Participant: 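If you scroll down you'll find the structure; I have some questions about it.
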Amino acid sequence: MKKGKLFVFSGPSGVGKGTIVKRILDETDVQFSVSMTTRKPREGEVNGESYFFVSHEEFQKTVDEGGFLEYAEVYGNRYGTPKKQAEERMEAGIDVLLDIDIQGAANVKKVCPDGVFIFILPPSIEELKHRIIGRGSETEESLRIRLGSVADELNHARDYDYCVVNGNLDEAVQTVKAIINAEHAKFSENFLIELLNKEDV
Ligand code: ADP
Ligand code: 5GP
């Protein structure tokens, strides 16, 4: 059976990753990998949907058990991708989408070199600041940390397979969907195996 693909999204805080991800989940068969985090939930965030919100002890227990595909400290909190669910889905032929930071993406690349790495860029730094402030989710301190990381994060865009500018949301979503389709159309031995098995040639 054909395995599912791993799509990895990164980009600076407030660029619109979560917004694009929601649209991709609604409009494609790709499934989201819900991360574990020690960050406190924002208003409206549902446990098990945006994240599994856990204590520091619970997070460390999962680290010790080898339960993460990758994990990292980002903006002062810990985040990790649960290994089992992502691997099971891909084995079952389901595409999996990760929204993770640049450190996590670099670690995933080591264990899943066939992953598709997509960096989301803002149309301008001014607009990025406008969006993250407009979201109203951050304290002054958290805003300072997140905005202070932007230049370093953008410098890692060159390590990714694709860059998508999230200016107009519909256009960004269309571009991501085009990438997903193109990745599925890449030559793979499975195309021939399936075809030759189906027909008596
Ligand atoms: P991230 O997940 O990258 O931190 P979010 O998805 O939470 O970012 O988006 C940050 C803010 O920007 C949200 O208020 C969201 O509604 C807004 N936003 C996202 N994409 C766009 C866009 N293309 N144009 C305008 N606002 C956007
Ligand atoms: P936020 O707190 O805004 O939801 O996320 C902060 C940062 O953590 C974002 O860059 C997001 O992509 C990243 N992140 C979310 N989940 C994970 C994860 O499981 N692993 C890693 N390495 N980063 C994550």
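Just so you know, ligand 1 is whichever comes first in the structure, and atom 1 is the first atom listed for that ligand. These numbers come from a predicted model, not from an experiment.
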Participant: Determine whether more than 12 heavy atoms belonging to other residues, nucleotides or ligands lie under 6.0 Å from atom CG of N77.
Facilitator: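 Above 12, so yes.
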Participant: Considering non-hydrogen atoms of the protein only, which is the closest contact for atom 16 (N) of ligand 2, and what is the distance?
Facilitator: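 Ranking protein heavy atoms by distance from atom 16 (N) of ligand 2, first comes S35 OG, 3.2 Å.
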Participant: What's the shortest distance from atom 11 (C) of ligand 2 to any protein heavy atom, and which residue and atom give it?
Facilitator: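 Ranked first by proximity to atom 11 (C) of ligand 2 is D99 OD1, 3.6 Å.
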Participant: Under the criterion salt bridge (charged side-chain N to carboxylate O under 4.0 Å, His left out), which of E58, E65, E57 is the partner of K61?
Facilitator: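 Per the salt bridge (charged side-chain N to carboxylate O under 4.0 Å, His left out) rule, the option paired with K61 is E65, out of E58, E65, E57.
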Participant: Name the closest protein heavy atom to atom 8 (O) of ligand 1, giving the residue it belongs to and the distance to 0.1 Å.
Facilitator: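 That would be G16 N, 3.1 Å.
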Participant: Side chains of Y75 and S149: donor-acceptor distance under 3.5 Å anywhere?
Facilitator: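 Short answer, no.
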Participant: Any heavy atom of M36 closer to ligand 2 than 4.0 angstrom?
Facilitator: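 No, that is not the case, since the closest heavy atom of the residue is not under 4.0 Å from the ligand.
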Participant: For atom 21 (C) of ligand 2, which candidate among R78, R135, E70 holds the nearest heavy atom?
Facilitator: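 When every heavy atom of R78, R135, E70 is considered, E70 comes closest to atom 21 (C) of ligand 2.
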Participant: Answer side chain, backbone, both or neither: which part of R146 comes under 4.0 Å from ligand 2, heavy atoms only.
Facilitator: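 Just the side chain.
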Participant: Closest by any non-hydrogen atom to atom 14 (O) of ligand 1: pick that one out of R135, H130, E127, R23.
Facilitator: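 The residue whose heavy atom sits nearest atom 14 (O) of ligand 1 is R135.
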Participant: So, for I120 and P12, which heavy atoms are closest and what is the spacing to 0.1 Å?
Facilitator: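 Answer, listing the atom of I120 first, then P12: O-CD, 3.6 Å.
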Participant: Using a 4.0 Å cut-off to any heavy atom of Y75, which atoms of ligand 2 qualify?
Facilitator: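 Here the atoms of ligand 2 in question are 6 (C), 7 (C).
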Participant: Show which atoms of ligand 2 fall inside a sub-4.0 Å distance from at least one heavy-atom site of G104.
Facilitator: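 Within the 4.0 Å cut-off of G104, ligand 2 contributes 22 (N).
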Participant: List the closest protein heavy-atom neighbour of atom 10 (C) of ligand 1: residue, atom name, distance to the nearest 0.1 Å.
Facilitator: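 The closest one turns out to be G14 O, 3.5 Å.
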Participant: Applying a 4.0 Å heavy-atom criterion (strictly less than), which segment of V74 is in contact with ligand 2: side chain, backbone, both, or neither?
Facilitator: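 The answer is the side chain of V74.
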Participant: Measure the distances from the heavy atoms of R42 to every atom of ligand 2 and state whether one is below 4.0 angstrom.
Facilitator: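 Per 4.0 Å heavy-atom rule, R42 contacts ligand 2.
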Participant: G80 to ligand 2: N or O pair under 3.5 Å?
Facilitator: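 Yes; the residue has a nitrogen or oxygen that sits under 3.5 Å from a nitrogen or oxygen of the ligand.
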Participant: Tell me, with the steps shown, if R158 and N155 meet side chain to side chain contact (heavy atoms under 4.5 Å, CB included).
Facilitator: CA-CA 7 Å; R158 61 172 57 81; N155 254 311; 3.2 Å; yes
Participant: Given the ring of F117, does K109 sit roughly above its face, with NZ or CZ under 6.0 Å from the centre of the six-membered ring and within 45° of the axis?
Facilitator: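 Because its charged atom sits under 6.0 Å from the ring centre and within 45° of the axis, K109 does stack over F117.
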Participant: Any chance you could lay out the side-chain hydrogen bond (donor to acceptor under 3.5 Å, both in side chains) test for R39 and T37, step after step, and finish with the verdict?
Facilitator: CA-CA 5 Å; R39 162 164 88 58; T37 183; 5.3 Å; no
Participant: F52 and F59: aromatic ring centres closer than 6.0 Å?
Facilitator: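 No, the ring centres sit 6.0 Å or more apart.
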Participant: Could you identify the single nearest non-hydrogen protein atom to atom 16 (O) of ligand 1 and state the distance to 0.1 Å?
Facilitator: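 The closest one turns out to be T19 OG1, 4.1 Å.
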Participant: Is the closest N or O pair between D99 and ligand 1 shorter than 3.5 Å?
Facilitator: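 In fact, backbone or side chain, D99 has no N or O that close.
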Participant: Which pair of non-hydrogen atoms, one from V15 and one from P122, has the smallest distance, and what is that distance?
Facilitator: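 That would be CG2-N, 3.4 Å.
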Participant: Got more than 12 heavy atoms from elsewhere within 6.0 Å of NZ, K3?
Facilitator: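 No, NZ of K3 has 12 or fewer neighbouring heavy atoms, counting only those of other groups under 6.0 Å.
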Participant: When you compare ligand 1 with G167, is there at least one nitrogen or oxygen pair between them that comes in under 3.5 angstrom?
Facilitator: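 Between G167 and ligand 1, an N or O pair is found under 3.5 Å apart.
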Participant: I'd like the name of whichever of N166, V173, D170 reaches closest to atom 23 (N) of ligand 1 through any heavy atom.
Facilitator: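 Of the listed residues, N166 has the closest heavy atom.
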Participant: Between R39 and ligand 2, which part of the residue brings a heavy atom under 4.0 Å of the ligand: side chain, backbone, both or neither?
Facilitator: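 Answer for R39: side chain.
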Participant: With the 4.5 Å side-chain cut-off for hydrophobic clustering, are V150 and V74 part of the same group?
Facilitator: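 No; V74 is not reachable from V150 via cluster members.
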Participant: Please determine whether a side-chain nitrogen of the Lys or Arg among D114 and K5 lies less than 4.0 Å from a carboxylate oxygen of the Asp or Glu.
Facilitator: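 Judged by the 4.0 Å cut-off on N to carboxylate O distance, D114 and K5 do not form a salt bridge.
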Participant: So which heavy atom in the protein is nearest atom 6 (C) of ligand 2, and how far is it from that ligand atom?
Facilitator: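 Here the closest protein heavy atom is Y79 OH, 3.5 Å.
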Participant: Within a 6.0 Å radius of atom NE2 on H130, are there more than 12 heavy atoms belonging to other residues, nucleotides or ligands?
Facilitator: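 No.
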Participant: Tell me, which protein residue and heavy-atom name are nearest atom 5 (O) of ligand 2, and how many Å apart are they?
Facilitator: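 Its nearest protein heavy-atom neighbour is Y51 OH, 3.3 Å.
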Participant: Would you check if there is a donor-acceptor pair between the side chains of Q103 and N107 at a distance under 3.5 Å?
Facilitator: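 Short answer, no.
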Participant: Decide whether E183 and Y162 meet the rule of one side-chain donor and one side-chain acceptor closer than 3.5 Å.
Facilitator: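 E183 vs Y162: donor-acceptor pair found between side chains.
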Participant: Any atoms of ligand 2 less than 4.0 Å from a non-hydrogen atom of K17? List them with their elements.
Facilitator: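 Matching atoms, with element in brackets: 12 (O).
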Participant: Tell me, please, whether F191 has K2 positioned over its six-membered ring: NZ or CZ under 6.0 Å from the ring centre and within 45 degrees of its axis?
Facilitator: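 Yes - K2 lies over the ring of F191, closer than 6.0 Å to its centre and within 45° of its axis.
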Participant: Which ligand 2 atoms are under 4.0 Å away from a heavy-atom of A72?
Facilitator: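 Listed by number with element, the hits are 22 (N).
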Participant: Does S13 reach ligand 2 with a nitrogen or oxygen that is under 3.5 Å from one of the ligand's nitrogen or oxygen atoms?
Facilitator: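 In fact, backbone or side chain, S13 has no N or O that close.
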Participant: Tell me which protein heavy atom sits closest to atom 11 (C) of ligand 1, plus the residue, atom name and distance to 0.1 Å.
Facilitator: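 The protein heavy atom lying closest is R131 O, 3.8 Å.
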Participant: Of the protein's non-hydrogen atoms, which lies at the shortest distance from atom 2 (O) of ligand 1, and what is that distance?
Facilitator: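 For atom 2 (O) of ligand 1, the nearest protein heavy atom is G18 N, 2.9 Å.
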Participant: Which option out of V8, T37, D101 puts a heavy atom nearest to atom 10 (O) of ligand 2?
Facilitator: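 Nearest heavy atom to atom 10 (O) of ligand 2 lies in D101.
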Participant: Report, in ascending order of atom number, the atoms of ligand 2 lying under 4.0 Å from any heavy atom of T81.
Facilitator: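 Reading through ligand 2 atom by atom, the close ones are 19 (O).
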